Amino acid sequence: MIRSWIEAMRLRTLPVSVAGVLAGTACAIYNGGFDTLPFIICMVFAILAQIVSNFANEYFDFRNGLDKKGREGFRRGVTEGDISPKAMLTATLGLLAVDCMIGLSLIWWGGWWLLAVGVAIALFALGYSTGPWPLSHHGLGEIAVIVFFGIIPVCLTAYVQQGDWHNFLSLLLPIGLAIGLMGANVLIVNNYRDMEDDKSVGKHTTAVIFGREVMGNVYFFNGILACLLLVWATIGRFNILWQAGTLVYLNFNYILWRKIKSSEGAELNPLLGKTAMLMFFIAVWLFTMTLCG
């Protein structure tokens, strides 16, 4: 039972939420605004929000008949009968309530307008998989990831620590977009793997709409565009030697792309985790670069 709950959290993907907060904190450090407590709160909030989204995805896909036993992806506890639907729904809503309470504390540093952002994040955590127009069912999953795992966490994490929007256009926004594109690649691998299962139940992910060939190439070019954005944001601010980090990312992005194109089914599971870890690497690189730069 415990193992089923751990699998429902999808630990391999959690570096996605960590990366956004680390990258945003790197921006705050560069702008002279690092603050330990809001950094920790942002980190906990982001991780819990992703777990809520993962729980909601498992519950609502089961309820709507979009999951089936023995699918290629990670084991779905509710579908396989390891976790009751009621328990998963209770855990989803309970964890969402806890996360909202944690997020409310950021108002102390950022102001009451953050309440609207928190509501949007909560709606996204559920609306990704349910509601009148679930984002993941209509080819909007990657766009949602770019916004809610890239732009929003990077920019808001920096804002609540530095207290303003300093260097928004030249630093925060391009890094937020870069992190978001890397996060979208994690979802691309997920949808690439599940294309046949999703197609059979009428779930219109980007892989179903555009096909594996197109989305495989989008994965590759997302990595290139992300690195260009990172270079644009950091060139002239840090020693040119630090750009070696983007070269490392580009090389591994290419290697993973080649492996993804020649893999299928469960073979893609470790590649999904490696894509998330590559995103985590670039966030740690940015964080270290600002500390040492």
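Note that this is a predicted model, so its numbers are computed, not measured.
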Item checked: ILVMFWY cluster, Ile188 and Leu278 together (side-chain gap under 4.5 Å) -> yes
Next item on the list: Check the pair Glu142 / Asn222 against side-chain hydrogen bond (donor to acceptor under 3.5 Å, both in side chains), numbers first and verdict last.
Entry: CA-CA 11 Å; Glu142 284 82 357; Asn222 273 358; over 6 Å; no
Check: Under 4.5 Å between any side-chain heavy atoms of Phe281 and Val284, yes or no?
Finding: no
Note to self: Under 4.0 Å between a side-chain nitrogen and a carboxylate oxygen: does that hold for Lys203 and Asp194?
What the structure shows: no
Next item on the list: Verify the cluster assignment for Leu123 and Leu96: are they in a single hydrophobic cluster under the rule of side-chain heavy atoms below 4.5 Å apart?
Entry: no
Check: When rounded to the nearest 0.5 angstrom, what distance separates CG in Leu256 from OG1 in Thr275?
Finding: 5.0 Å
Note to self: Return the CG to OG1 distance between Leu172 and Thr157, rounded to the nearest 0.5 Å.
What the structure shows: 9.5 Å
Note to self: Determine whether Ile175 and Leu229 satisfy the following criterion, side chain to side chain contact (heavy atoms under 4.5 Å, CB included), listing intermediate values before the conclusion.
What the structure shows: CA-CA 7 Å; Ile175 288 180; Leu229 286 165; over 6 Å; no
Check: When you measure from the side chain of Asn191 to the backbone N and O of Thr206, does any donor-acceptor pair fall under 3.5 Å?
Finding: no
Note to self: salt bridge (charged side-chain N to carboxylate O under 4.0 Å, His left out) for Lys261 and Glu213? Distances and angles first, verdict last.
What the structure shows: CA-CA 8 Å; Lys261 298 272 280 187; Glu213 181 69 23; 2.9 Å; yes
Check: Do the non-hydrogen side-chain atoms of Phe34 and Gln162 ever get within less than 4.5 Å of each other?
Finding: no
Check: When you measure from the side chain of Ser53 to the backbone N and O of Ala49, does any donor-acceptor pair fall under 3.5 Å?
Finding: no
Next item on the list: Kindly say whether Tyr159 contributes a backbone atom to a donor-acceptor pair with the side chain of Trp165 at under 3.5 angstrom?
Entry: no
Item checked: Step-by-step side chain to side chain contact (heavy atoms under 4.5 Å, CB included) determination, Trp257 to Phe221 -> CA-CA 10 Å; Trp257 170 65; Phe221 287 108; over 6 Å; no
Check: Are the side chains of Glu58 and Phe62 in touch, meaning some heavy atoms are under 4.5 Å apart?
Finding: no
Item checked: Trp108 CH2: over 12 foreign heavy atoms closer than 6.0 Å -> no
Next item on the list: Enter the distance from Asn185:CG to Phe220:CZ here, rounded to the nearest 0.5 Å.
Entry: 11.0 Å
Checklist line | Cluster overlap Val21 with Leu291, hydrophobic side-chain contacts below 4.5 Å | finding: yes
Margin query: Side-chain heavy atoms nearer than 4.5 Å, only ILVMFWY residues, links allowed to pass through others: does that put Ile143 and Met279 together?
Written below: yes
Notebook entry, point to check: Do other residues, nucleotides or ligands put more than 12 heavy atoms under 6.0 Å from the CH2 atom of Trp113?
Noted result: yes
Checklist line | Atom pair CE (Met182) and CD1 (Ile282), whose distance is rounded to the nearest 0.5 Å | finding: 4.5 Å
Next item on the list: If the plane angle is over 60° it's perpendicular, under 30° parallel, otherwise tilted; pick one for Phe124 and Tyr128.
Entry: perpendicular
Checklist line | Same apolar cluster (I L V M F W Y, side chains within < 4.5 Å links), Phe45/Val119 | finding: no
Margin query: Between Gln50 and Ser17 (side chain of the first, backbone of the second, donor and acceptor by atom type, cut-off under 3.5 Å), is there such a pair?
Written below: yes
Item checked: From OG1 (Thr246) to CG (Leu286), nearest 0.5 Å -> 10.0 Å
Check: Does Arg12 reach the side chain of Pro270, with side-chain heavy atoms less than 4.5 Å apart?
Finding: yes
Check: Does the side chain of Pro134 reach to within under 4.5 Å of the side chain of Phe60, using non-hydrogen atoms?
Finding: no
Notebook entry, point to check: Looking only at atom types and distance, does a side-chain atom of Asn251 sit under 3.5 Å from a main-chain N or O of Leu247, one as donor and one as acceptor?
Noted result: yes
Item checked: Criterion side chain to side chain contact (heavy atoms under 4.5 Å, CB included) on Thr205 and Asn190, from CA distance to verdict -> CA-CA 10 Å; Thr205 65; Asn190 182 83; over 6 Å; no
Note to self: Does any part of the side chain of Thr234, heavy atoms only, come nearer than 4.5 Å to the side chain of Trp242, both counted from C-beta?
What the structure shows: no
Check: Between the side chain of Glu267 and the main-chain N/O of Glu264, is any donor-acceptor distance below 3.5 Å?
Finding: yes
Next item on the list: Quickly, which of Thr25, Asp35, Asn31 forms a side chain to side chain donor-acceptor pair (under 3.5 Å) with Gln161? Name it, please.
Entry: Thr25
Notebook entry, point to check: Taking the six-membered ring for Trp, is the centroid-to-centroid distance between Phe39 and Trp109 below 6.0 Å?
Noted result: no
Check: In Å, rounded to the nearest 0.5 Å, how long is the span from SG of Cys42 to CG of Leu37?
Finding: 9.5 Å
Check: For Asn57 and Arg10, what are the C-alpha separation, side-chain angles and deciding distance, and is it a side chain to side chain contact (heavy atoms under 4.5 Å, CB included)?
Finding: CA-CA 11 Å; Asn57 180 253; Arg10 301 178 197 172; 3.0 Å; yes
